[in-house]
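What follows is one structure encoded as structure tokens, with my remarks underneath.
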Amino acid sequence: MGACYTLVALSLLFAIAAQLGTAEVHYHNFVVQAKPVKRLCKTHNIITVNGQYPGPTLEVRNGDSLVIKVVNRARYNVTLHWHGIRQLRTGWADGPEFVTQCPIKPGGRYTYRFTIKGQEGTLWWHAHSSWLRATVYGALIIYPELNKHYPFNKPKREATVILGEWWDANPIDVVNRAARTGAAPNVSNAYTINGQPGDLYKCSSKGTVIVPVASGQTNLLRIINAALNQELYFAIAGHELIVVAADASYTKPFTTSILMIAPGQTTDVLLIANQPPGRYYIAARAYVTTQNAAFDNTTTTAILEYKSAPCPSKGSSTTKTSKPIFPSLPAYNDSGPATAFAAGIRSPSPAPVPNNVDVNLFFTVGLGTFNCPRGRTCGGPNGNRFTASMNNISFVLPRNLSMLQAHQFGIPGIFTTDFPAFPPVQFDYTAANVSQALWQPIPGTKVFKVKYGSTVQIVLQDTNIVTGENHPIHLHGYDFYILAQGFGNFNPRTDTQNFNLIDPPLRNTVAVPVSGWAVIRFVADNPGVWLMHCHLDVHITWGLAMALLVENGVGKLQSLEPPPADLPPC
Ligand code: C2O
Ligand code: CU
């Protein structure tokens, strides 16, 4: 017994020493400010962090802490969210406005403080207020702890590829106009790679991003979909991609030539430069699942360039001047490659999937309409206003206080705890014509309460109300296993049998198949108020969101930390 005790104590000491020896604290100043940026031949004053577009890349190691001092010099309220960071006990640093904090007002400041615990890979950060994240975003790269390694051979080079979306307008004006008319907001004018549309767009050739590679070398590409409203297909001409991680969780390596990345998701791939030296297009364009809706059908490109490619010389056409080779991308509405890609992503096995479900939930996700106010004309379906909901509740953000503060201090009137565990009305969710009597949800600010430590399973079921659509559902504060997904209505009898409990992918954002469903499972071991929402900003704007309230457990280590003193006032 004594020996055993000594051993445990010793290993604890070593663990602490290792932590003290390697963990670092990174200090950053983030100034949110307008900055003139020229794209598609025109200059717009966009909101940025430190004048950078995309914003600064954060590079840390697992175990490190971040202290990010945000000063708001823009004319809009702002908050920042560290997408995919678990924020264990530090919900105050999570960022969604009116959920975990009140926004930082123009002239205001707030310091986000959090520690990376047990996460490695590619995440990102973005504004979480109105549509500011259209331009306010950046990569967050988490390397393994010092002296620890990737679970694959160390690549010679790494590059970050952030996919974005550009409006030839102020994105805040775009969403505000849509809110006035009830219509769908204008689609974007370009997609971007690292902030650049690439040379298929007017006035864009000069800025086209070059990703250099050397013959024979292995490269790690960290691909992030920061687009506001669009799932994207992604490919690189002539090259296979080996997926090794998604949403900062390692995967069983799998080889594919096409990626489907939904907004909010990240995918890390290895690319071996094993093709004839030359220039190859890196390209992304829409994966569209809506019926009869407008979409941005343009294609963004960057160029994969072999360093050993012959240099341009006088008089001869060379690889530098010749047109790069273009990859083949799926048809816009082809769900085949998206389905195949989702099926290819697996955890290294065996994955520690929690077994006994304590809380069984079934949430519909989908669009809807609100009646147009009398005497007015609206631009949505049937002359009404677009809306969206989960379990028929269209989420409304509080205005006077954040939900987390209301929870912590027991302030009533900000939210209610009656979010339904099941759809209030059951119907054939994916029928071709869902009765219009079912189109109108109820607005509300409701949470579903969960006991600390319970195992939660949620069936996310798309509906065909207005139109079925692939919804990338993101849960704050957690990673979850995706046990299964499919088309049509979830059938508990047959579909439960096919749950993958061996090597399901672990992610923070699941692309719920169009007119289909996905089942996620996780242990609620992080107390706080955690937003779950569609990562298409147009849908969260319409109310496709809810929040889980995870109660404190026993003792300090299972409880939310007290709020920081500089939490912005409402
Ligand atoms: Cu990436 Cu709630 O967001
Ligand atoms: Cu959605």
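In what follows, residues are counted from 1 in the order of the sequence shown. Order of appearance sets the numbers: ligands from 1, and atoms from 1 within every ligand. Computed from a prediction, not measured in an experiment: that's the story for all the values here.
In this pair, His535 and His126 present their aromatic rings perpendicular. The plane angle is above 60°, beyond the 30 to 60° band.
Closest N/O/S atom of His126 to atom 1 (Cu) of ligand 1: NE2. Minimum-distance N/O/S atom of His533 relative to atom 2 (Cu) of ligand 1: NE2. Checked against the Cu ion (ligand 2), the N, O or S atom of His539 at the shortest distance is ND1.
When rounded to 10 degrees, the angle formed at the Cu ion (ligand 2) by ND1 (His471) and SG (Cys534) equals 140°.
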Item to complete: Tell me, with the steps shown, if Thr541 and Trp131 meet side chain to side chain donor-acceptor pair (under 3.5 Å).
Response: CA-CA 9 Å; Thr541 306; Trp131 273 23; 3.0 Å; yes
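Not a single N/O/S atom of His474, whether from backbone or side chain, sits less than 2.8 Å from atom 1 (Cu) of ligand 1. Metal site remark for atom 1 (Cu) of ligand 1: His81 contributes no N, O or S atom at a distance under 2.8 Å. Coordination check, His128 versus atom 1 (Cu) of ligand 1: failed, since every N/O/S atom of the residue sits at 2.8 Å or beyond. His83 lies apart from atom 2 (Cu) of ligand 1 in this respect, since none of its N, O or S atoms is found at a distance under 2.8 Å.
At a threshold of 4.0 Å, the pair Asp566-Arg113 does not count as salt-bridged, since none of the basic side-chain nitrogens sits closer than that to a carboxylate oxygen.
Residues Phe363 and Phe419 place their aromatic rings such that the two centres sit under 6.0 Å apart. A centroid separation of less than 6.0 Å is found between the aromatic rings of Phe362 and Tyr429.
If you run side-chain contact (heavy atoms from CB on, under 4.5 Å) between Ile473 and each of Thr509, Leu544, Ile520, only Leu544 comes through.
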